[in-house]
Amino acid sequence: MLQVAMISTGEEVLHGDIVDTNAAWMSQLFYQHGFKLSNRSTVGDNIEALVAEIQHQTITASVVIVNGGLGPTSDDISGEAAAKVLNSPLVMSQYWLDRMQARYLELGKEMPHSNIKQAMLPEGAQLIDNPVGTACGFFIEVNKSIVIFTPGVPSEFKVMIEHQILPRMKQWHPMVEASECSRLFTFGLSESGIQDKLQQIRLPHGFEIGYRSSLPFIEVKLFGPANHDGRFPVLERMYHLLGDNVVSVDESMLPNVGALLSEFSLNLTVAEQATGGWLTSWLQEDEQIRTNMKQGWILSSQVDQQMAGQDPLAAALALAAATRERTQTAIGLSSGPMLQGKVAVALSTPYGEWGQLISLKRNYSYNEMRSIVSTLMLDMLRRCLEKKPMFGHYESLNRESEIYVPQSALQ
């Protein structure tokens, strides 16, 4: 099996000052084209450590991607490390120097002297063009491996990978078959619970199931060869076993709900107490929902003494209904205040109203609570639009009580 490794460089990446988005993006792209990463590592701005890591990865990997460290400053050491690995000098690439100078001339600026460093490449290295930046890439051969050096700036890195490096890798390894990852996004199930449900599935050769937990969702992934006849039957079986806890397929929950609102030409207004605007802010991330969302109300989470004795479920229903009626929207969503560890959420539509009083099964931070309750509210809307049972099973929540008010009772 072809082994592909990636080395990310820089103290800021090593110590978590910045998130290594390049690695995640490239890993996904490479997988789709059949080049699954076998190893990822991170090295700080230490030339001896980088040299040692490159030499280590070339023992087993056919291709090694080194990301970052090609800039003009003293902490950009990838070029020098490559020269040490080859035991060869750095030499001037007149071609790249001319390219950089021409680029600065087009901008009406004088090229800083420090940029000359970016034209110094290990002797024998093959240059890789960078049409959007001053750091060219290059590749060398070490221990029968090809080591490719790329800039760390994401916009430059992505262009180089897509247009320069991936085509070369396909030429070097023409027998590699493309792969595909299908995704089921779930809410309300645990990772162990999902695994128990899916144990009975027999996967075709070359397929595997993976999981990614990101509160409040668990993403279930089906990895395998692209265009394989067995993919759809397996996905269909997985969807059936996970039931209505599957909130979306191959996209996150938000665009799925946005597409449903647009399909049915429905608008909505949200009123939040316990969730403190979390849902309103989240909904703004999707263009279709922004188009169909009329208002978002953020109300005080403090409980008025005159209302303290009210049934919280009835109060949440009344808030959802008032929200819908006052703004003349098709849908009203509401969350009441948190009372003794319990919160009521409600959905009001012209076809009926639904509400549930829930408590969390364990202690969450304030923001985690807002995220989970907001997702529950959005899941009620999704279930309504998809005509699924409104009161689902959620392993992280206790449903204390629920209520359904049919259309006839609203008239």
Side-chain angles (χ1 to χ4, degrees), residues 1-9 20-43 50-70 78-79 81-83 85-86 88 121-132 135-152 154 156-183 203-210 221-231:
M1 181 181 294
L2 178 68
Q3 301 285 305
V4 180
M6 181 176 185
I7 304 172
S8 300
T9 68
D20 190 0
T21 57
N22 285 348
W25 175 85
M26 194 192 78
S27 178
Q28 182 176 353
L29 178 68
F30 272 22
Y31 179 82
Q32 294 170 358
H33 292 272
F35 299 104
K36 183 178 180 180
L37 285 191
S38 57
N39 189 280
R40 280 169 51 179
S41 59
T42 305
V43 178
L50 181 54
V51 168
E53 185 63 19
I54 292 171
Q55 291 172 332
H56 171 71
Q57 294 297 342
T58 57
I59 295 173
T60 56
S62 299
V63 178
V64 180
I65 308 291
V66 181
N67 184 227
L70 298 181
S78 292
V85 169
L86 292 175
S88 65
L121 305 181
E123 188 175 42
Q126 298 294 309
L127 185 145
I128 301 176
D129 188 27
N130 181 353
V132 293
C136 68
F138 61 91
F139 66 89
I140 60 177
E141 292 188 32
V142 182
N143 295 331
K144 297 184 180 180
S145 298
I146 297 178
V147 185
I148 305 172
F149 293 79
T150 60
E156 300 178 27
F157 172 73
K158 291 178 180 180
V159 169
M160 189 176 292
I161 288 290
E162 288 185 305
H163 300 287
Q164 302 288 331
I165 294 171
L166 195 54
R168 281 182 168 89
M169 291 180 65
K170 291 180 178 181
Q171 290 177 355
W172 296 332
H173 303 281
M175 301 303 293
V176 171
E177 296 181 355
S179 300
E180 187 176 349
C181 177
S182 301
R183 294 171 168 83
L203 296 174
H205 176 71
F207 282 80
E208 59 181 324
I209 293 175
K221 303 179 182 183
L222 177 64
F223 300 98
N227 305 315
H228 192 288
D229 292 340
R231 177 175 295 275

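The basis for the numbers below is simple: all heavy atoms, side chains too, and nothing from hydrogens, waters or symmetry mates.
- Here the side chains of N67 and I7 are not in contact, with every heavy-atom distance at 4.5 Å or above.
- With hydrogens and angles ignored, the 3.5 Å screen pairs a side-chain donor or acceptor of N22 with a backbone N or O of G152.
- Judged as a side chain to side chain donor-acceptor pair (under 3.5 Å), the pairs with a partner in residues 158-169 (not counting sequence neighbours) are, in order, Q164-R168.
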Which atom pairs, donor and acceptor, lie under 3.5 Å between side-chain atoms of residues 50-59 and protein residues at least two apart or in another chain?
unit_1 : atom_1 : unit_2 : atom_2 : d
E53    : OE2    : S41    : OG     : 2.9
E53    : OE2    : Q57    : NE2    : 2.7
Q57    : NE2    : N39    : OD1    : 3.0
T58    : OG1    : I54    : O      : 3.2
T58    : OG1    : Q55    : O      : 2.9
T58    : OG1    : N143   : ND2    : 3.0

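- With sequence neighbours left out, Q126 forms a side-chain contact (heavy atoms from CB on, under 4.5 Å) with F139.
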Residue pair L29, F35: steps toward the side chain to side chain contact (heavy atoms under 4.5 Å, CB included) verdict
CA-CA 8 Å; L29 178 68; F35 299 104; over 6 Å; no

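- The shortest non-hydrogen separation linking L70 to C136 is CD1-O, 3.5 Å.
- Take H173 and apply the ring-ring contact (aromatic ring centres under 6.0 Å, His included) test, not counting sequence neighbours, and it matches no residue.
- The closest side-chain heavy-atom distance from L121 to L127 is below 4.5 Å.
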Is there a side-chain hydrogen bond (donor to acceptor under 3.5 Å, both in side chains) between D20 and S8 once you walk through the steps?
CA-CA 8 Å; D20 190 0; S8 300; 2.7 Å; yes

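- Here the shortest heavy-atom pairing between G34 and V176 reads O-CG1, 3.2 Å.
- The structure places NE2 of H228 at 11.5 Å from CD of E180, a figure rounded to the nearest 0.5 Å.
- Judged by distance alone, with hydrogens and angles left aside, the side-chain atoms of S62 form no donor-acceptor pair with the main-chain N or O of I146 at under 3.5 Å.
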For the pair T9 and S78, evaluate side chain to side chain contact (heavy atoms under 4.5 Å, CB included) and give the outcome as yes or no after the intermediate values.
CA-CA 8 Å; T9 68; S78 292; 4.2 Å; yes

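- We find the CG-NE2 distance between L166 and H33 to be 5.0 Å, quoted to the nearest 0.5 Å.
- Closest non-hydrogen pair, P131 versus V159, comes out as CG-CG1, 3.8 Å.
- The distance from atom CH2 of W172 to atom NZ of K170, rounded to the nearest 0.5 Å, is 13.5 Å.
- Closest approach of P225 to G206, counting heavy atoms only: CD-O, 3.7 Å.
- Side-chain atoms of F30 and Q32, non-hydrogen and from C-beta on, never get closer than 4.5 Å to each other.
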Steps toward side chain to side chain contact (heavy atoms under 4.5 Å, CB included) verdict (I209, L203):
CA-CA 9 Å; I209 293 175; L203 296 174; 4.0 Å; yes

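- The side-chain contact (heavy atoms from CB on, under 4.5 Å) search around Q171 returns none, not counting sequence neighbours.
- F138 is not listed as a side-chain neighbour of I148, based on a closest heavy-atom distance of 4.5 Å or more.
- Under the 4.5 Å side-chain criterion, counting only non-hydrogen atoms from C-beta, M160 is in contact with I165.
- A donor-acceptor distance shorter than 3.5 angstrom exists from the side chain of R231 to the backbone of L222, with no hydrogens or angles considered.
- S145 is linked by a side-chain hydrogen bond (donor to acceptor under 3.5 Å, both in side chains) to nothing, counting only residues two or more places apart in sequence or in another chain.
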Start with the C-alpha gap between K36 and V4, add the side-chain angles, then the distance that decides, and say whether side chain to side chain contact (heavy atoms under 4.5 Å, CB included) holds.
CA-CA 7 Å; K36 183 178 180 180; V4 180; over 6 Å; no

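- P151 and N130 get closest at one heavy-atom pair: CG-ND2, 4.0 Å.
- Annotation: side chain of P154 is not in contact with side chain of W25 (no heavy-atom distance under 4.5 Å).
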Please report the C-alpha distance between E123 and S88 in whole Å, then the side-chain angles of each, then the deciding distance to 0.1 Å, and finally whether the side-chain hydrogen bond (donor to acceptor under 3.5 Å, both in side chains) criterion is met.
CA-CA 6 Å; E123 188 175 42; S88 65; 5.4 Å; no

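- Here the side chains of C181 and Q28 are not in contact, with every heavy-atom distance at 4.5 Å or above.
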